[in-house]
Trainee: 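There's a structure below that I have some questions on.
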Amino acid sequence: MTDSKYFTTTKKGEIFELKAELNSDKKEKKKEAVKKVIASMTVGKDVSALFPDVVNCMQTDNLELKKLVYLYLMNYAKSQPDMAIMAVNTFVKDCEDPNPLIRALAVRTMGCIRVDKITEYLCEPLRKCLKDEDPYVRKTAAVCVAKLHDINAQLVEDQGFLDTLKDLISDSNPMVVANAVAALSEIAESHPNSNLLDLNPQSINKLLTALNECTEWGQIFILDCLANYTPRDDRESQSICERVTPRLSHANSAVVLSAVKVLMKFMEMLPKDLDYYGTLLKKLAPPLVTLLSAEPELQYVALRNINLIVQKRPEILKHEMKVFFVKYNDPIYVKLEKLDIMIRLASQANIAQVLAELKEYATEVDVDFVRKAVRAIGRCAIKVEQSAERCVSTLLDLIQTKVNYVVQEAIVVIKDIFRKYPNKYESVIATLCENLDSLDEPEARAAMIWIVGEYAERIDNADELLESFLEGFHDESTQVQLQLLTAIVKLFLKKPTETQELVQQVLSLATQDSDNPDLRDRGYIYWRLLSTDPVAAKEVVLAEKPLISEETDLIEPTLLEELICHIGTLASVYHKPPSAFVEGSRGVMHKRLPARTGSGEGTECPDVGNAAGGSAPEAAPSIIPSQGDLLGDLLNLDLAPPTTPAVLLPLLGGDIGGSPAMGAGFGAAPAVMPASLNAPVGGGLGDLFDLGGGVGMPMGAYIPPKTVWLPAMKAKGLEISGTFARRAGVIQMELVLTNKAMSVMTDFAIQFNRNSFGLAPAGPLQVLTPLGPNQTIEVSLPLSTVGPVMKMDPLNNLQVAVKNNIDVFYFSCQYPISMLFVEDGKMERQVFLATWKDIPNDNESQFQIQDCHLNSEAASNKLQGSNIFTIAKRTVEGQDMLYMSIKLSNGIWVLAELKVQAGNPNYTVSSGTRRDR
Amino acid sequence: MIGGLFIYNHKGEVLISRVYRDDIGRNAVDAFRVNVIHARQQVRSPVTNIARTSFFHVKRSNIWLAVVTKQNVNAAMVFEFLYKMCDVMASYFGKISEENIKNNFVLIYELLDEILDFGYPQNSETGSLKTFITQQGIKGQTKEEQSQITSQVTGQIGWRREGIKYRRNELFLDVLESVNLLMSPQGQVLSAHVSGRVVMKSYLSGMPECKFGMNDKIIIDKAGKGGVTNEAGKSTSGKQSIAIDDCTFNQCVRLSKFDSERSISFIPPDGEYELMRYRTTKDIILPFRVIPLVREVGRTKLEVKVVIKSNFKPSLLAQKIEVRIPTPLNTSGVQVICMKGKAKYKASENAIVWKIKRMAGMKESQISAEIELLPTNDKKKWARPPISMNFEVPFAPSGLKVRYLKVFESKLNYSDHDVIKWVRYIGRSGIYETRC
């Protein structure tokens, strides 16, 4: 029996035929037809028209047929939600089947059908399956919770599935544990601040026990989850490491890499003088080397990770240079990565071997690889001083081969060698000049020109050489043009008599005939310098250059730390943080390595770590950070939850306000005089002070008075006024609905358009009784901030649709930004310090609040009511400086400094927020 | 997690498409085809990012398997999964080819439904999958059978079912090693390592507990030290031990026990499987030495002489020996003389291939060739690829020896002595190259 025939039906009228076959009485025929449908679906044909017919085949005791129908359902249910309901009964029935395989199949499939109505029906069966007696059903149900959460997060929370899922971590079956961990980790990722996983020594212990028993994939889930845990001290860290190291011998490379990740991370906490630390370092090398005998694709992943590991801890693989030698038959992507690691591991001890290898590679076939090999020779010269001479002579040999791209690449690196070791290898210039004509790549031409200009006094015909480049000046790339300009100016300063004409020529080419502003500017600067003060020109242009550093290609340390936390994952393959390639909220959370903490006073580490260990003084609010503190804080920086760059600048730019909801001008409100461009923000904040004391509660959050949002005329008699409030951490929309029409209004519902902070109703609008004519009802609608996000203008604009039995009405209103300030917005002092420093000046804005008659103490208390927390206070020359932090519901932090001068009713506020990478 | 999995034929037509996550649309199928399969320049990485969507691919003959995701997945896991998927498919229907995939597409969908859930790999052990994914339906099962299946799929010993019975309890151990060498023209070893595998075929009844022992230096030294205290320095086995750089084990081996006691204990899967892999770099017996001599005579002629020497006990025989001597692209003619075996110039492969059926240890053989070249004005010199060698020898080049494999099955009435055991050593060339 061959199934390939199903792929070949392409005739017309096929859908009709299939329809007939699907409704056939014969079981075999039915099954054949469903197979055809699936085959068509696979190749991308639209067979959604057959939906009812396929679903009709669902009621069957043939499991194969059932699975096929389910597959179809998963694909098309979304496009036919109403008809998908037809399937619900079968699902619910199957969830009760005595066969656990069928129960699991039903719950697994149901979770893949993304139709709201079906999800509602899913809850009960899922609840049962989570407690099923059969582990196979439980492990399937655990994943199903994650599926459901992806469709409707609120539902999962409301139904208490998260707690059930947490309970499954203690399940007796290791696979159930592993799947529960996977599901929880995924859910936790989309709620960066929730303490969903609640990792503590007890739960960690459970995970470590399950680790020994579950499947290879389960081990990966658990290890990846463990990597997110931060042990309390070095002892706990060590004991976890001890229990994770056996995984290094697993046949599955992913298990090994995830174990390496946990070890690399927890190792940070171990004191370096500990014996165990050394043992651990030794244990890491062999499994990493073994990864290189895996299949090429895995080798590639391993090599990308090793590249990170050798940057973080070069000692681990320093003796393993040979395994990174390139094999003739390695795929190119493996070769290129190996080359990178060879250079990183190159040292005085092994440089001879490395050079011999690199020279070998430079004669290979693949152009990219050869180029990289040549460049590597140059990098070795710069990295290992003792080898520089040998490297240069190797490069000269390679230039003799006259292979065009080898020569060009060699010249580019020789230029760097000159920069590192000036006045040492200039004797080779003659050889380089011989190859001038063969250079056709901008980088090589630029490098050569630089060399000629830099050493013009030693090259007799420097002027001729440079002149030859000048002929086609306008066809050169900018890089070459700039280099040529500089080189000729250098030449002129060295040999002014013969080259006056040349320099005039290049200056006019650069300034008059070029469209490139960089080139023009540089040209003018040289021109002016040369014409006003040739001595100064000499000092500027021929100044001594700093030596180039040997490790220009290293990954920046904070990024490296983050990437170490992502070993094994795509981030480690791309060498980019997840936020750079993952959309939405997932993965935006920056991970960081734990700081080293001693369990006792005895373990002192003089480096970065100790500041974070709690040694910073807690009480004294000194604001000027000491050097050590700052370093520690830099480590902590990434603690700041994700920020969404798009929203940041407008927040500061001031388009927050301008809104009546936030603006001033009501009751005994303070006279807010907008200062400079940030007026509206000032306005909003001014309200927060609420000094008149007329409106609102004395200590609670600021609530603006109700305004009319929807006048009766515009809404067929329905008038809506309202305001926003934050009560006990919940954002409430408080509405007053008035019926000014003649007839009764019923069936109220509310919806929001997408908005800047993802506000969405957390439940339906609770208007239970009909609203009679001239009746008024007050409703309060709790809001969540997990809705879809779209930047609005002004930022705090909210578009609302209200429906009743008469029609749908739209209006927009503006909410005070302060209701988005969350309760846990109190930033740690250390973090605050570092973050404050980290905020670029551009992101900072300043404005004044006038006529505020509170002292700093009272202001601070009042602001705290609106979740604006004072982190520190200091007094300078009679001025109180308050340092405050605010956290928005989407995780953005705003830091502010408030200057209060006794007796002066005007406050000065400077605030800023950091824009994340 | 994994967002979807696609299988394409060499033309880029989709054979299988299974999407697990809502963020993966149908256009992902086309994106991979256009940007990778049909790419003008061959893709140079197994991971490709197209419009914020990441694709992982492996190729099996001319079939492309691609995993797609929009999240920061565990990349190593994705590739391990793809390999595993290939294994599972191969064990169900043999070679992974377009024909076989089309013929079994329903089965493949069923497998994909089982071993990936919401993009998370689940049980992928062929042994247990075959108990309930059969393409025959599972109607006839009793309740006991069903619960046995589910407990095996989710259980601690997912790789073996209970109640296996054999009339004759038998096991076969193969120590398969591939020895890798890179040697300089002067005969200096640039790098050499052995990557070995212990492959076991077990036909044992019940749930036997096995213990495997080899001449691992660490164990022998430990035992040796124990011996010193007992018998005052009479340890004899010390010399024969080998230093293992690293080893990895099948899912069935208790890793924590290996970590603490360095003992290898396990309950074996039924049938054939790979028990362990290991790697050694010290004291490797290099079975052959290749001595090349290449001389350029003028611009149109090359003289090549290659000597091979066998370096093992004269009583042993190496087999399937093949030496491959690369020739320049502009070769016009070759004359070969060899004392033993057959040598041929293969123009399509740009190499002289010299084959010898058998060769005993401590022998030497030689080939010489004259290569005529067409004059070219190509500036680029000939890259001189290394001379490579293939062979098979009946011993383990690492020096590994199996010391014991003990079988305990307490519930059934057979003992370790009743089990018939076979051990075989095969050393093969991996990448065995000498530069010239």
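Throughout, protein chains are lettered first and strands after them, A, B, ... in sequence-line order, and every chain is numbered starting at 1.
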Trainee: Heavy-atom cut-off 4.5 Å, strictly under: side chain, backbone, both or neither for B/Y109 against chain A?
Mentor: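 Contact with chain A involves the side chain of B/Y109 alone.
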
Trainee: Let's test your reading of the structure: which of B/S17, B/S195, B/P386 forms the most heavy-atom pairs below 4.5 Å with chain A?
Mentor: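 Ranked by heavy-atom pairs under 4.5 Å with chain A, first place is B/P386.
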
Trainee: For each of B/F258, B/F81, B/F6, tally heavy-atom pairs with chain A at distances under 4.5 Å, and name the one with the top tally.
Mentor: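 Top option by heavy-atom pairs under 4.5 Å: B/F81.
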
Trainee: With salt bridge (Lys or Arg N to Asp or Glu O under 4.0 Å) as the test, would you mind laying out the steps for A/K78 and B/D22 before giving the verdict?
Mentor: CA-CA 10 Å; A/K78 224 165 125 190; B/D22 202 38; 2.9 Å; yes

Trainee: What part of B/N49 gets closer than 4.5 Å to chain A, counting heavy atoms only: side chain, backbone, both or neither?
Mentor: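 For B/N49, the contact with chain A is made by backbone and side chain together.
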
Trainee: Are any of the side-chain nitrogens in B/R44 or A/D368 under 4.0 Å away from the carboxylate oxygens of its partner?
Mentor: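 Looking at B/R44 and A/D368, the cut-off is met.
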
Trainee: If I take atom OH from residue A/Y136 and atom CD from residue B/Q122, how far apart are they, to the nearest 0.5 angstrom?
Mentor: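 A/Y136 atom OH to B/Q122 atom CD measures 8.5 Å (nearest 0.5 Å).
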
Trainee: Where does B/I101 contact chain A at under 4.5 Å (heavy atoms): side chain, backbone, both or neither?
Mentor: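 Answer is neither: B/I101 stays 4.5 Å or more from chain A.
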
Trainee: Taking side-chain hydrogen bond (donor to acceptor under 3.5 Å, both in side chains) as the criterion, tell me which of A/D134, A/N173, A/N99 meets it with B/T150.
Mentor: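 Option passing the side-chain hydrogen bond (donor to acceptor under 3.5 Å, both in side chains) with B/T150: A/D134.
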
Trainee: So, the side chain of A/K327 versus the backbone of B/I431: is there a donor-acceptor pair under 3.5 Å, distance only?
Mentor: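 Looks like no, no N/O pair under 3.5 Å.
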
Trainee: Could you go step by step and tell me if A/R108 and B/D113 meet the salt bridge (Lys or Arg N to Asp or Glu O under 4.0 Å) rule?
Mentor: CA-CA 9 Å; A/R108 185 165 70 212; B/D113 196 41; 3.1 Å; yes

Trainee: Step by step, work out the salt bridge (Lys or Arg N to Asp or Glu O under 4.0 Å) result for B/R435 and A/E357.
Mentor: CA-CA 11 Å; B/R435 289 183 178 153; A/E357 280 294 307; 2.9 Å; yes

Trainee: Salt bridge between B/R26 and A/D46, side-chain N to carboxylate O under 4.0 Å?
Mentor: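 No, no charged N to carboxylate O under 4.0 Å.
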
Trainee: Test side chain to side chain donor-acceptor pair (under 3.5 Å) on A/H250 and B/Q251; report intermediate values, then the result.
Mentor: CA-CA 7 Å; A/H250 202 285; B/Q251 173 80 13; 3.1 Å; yes

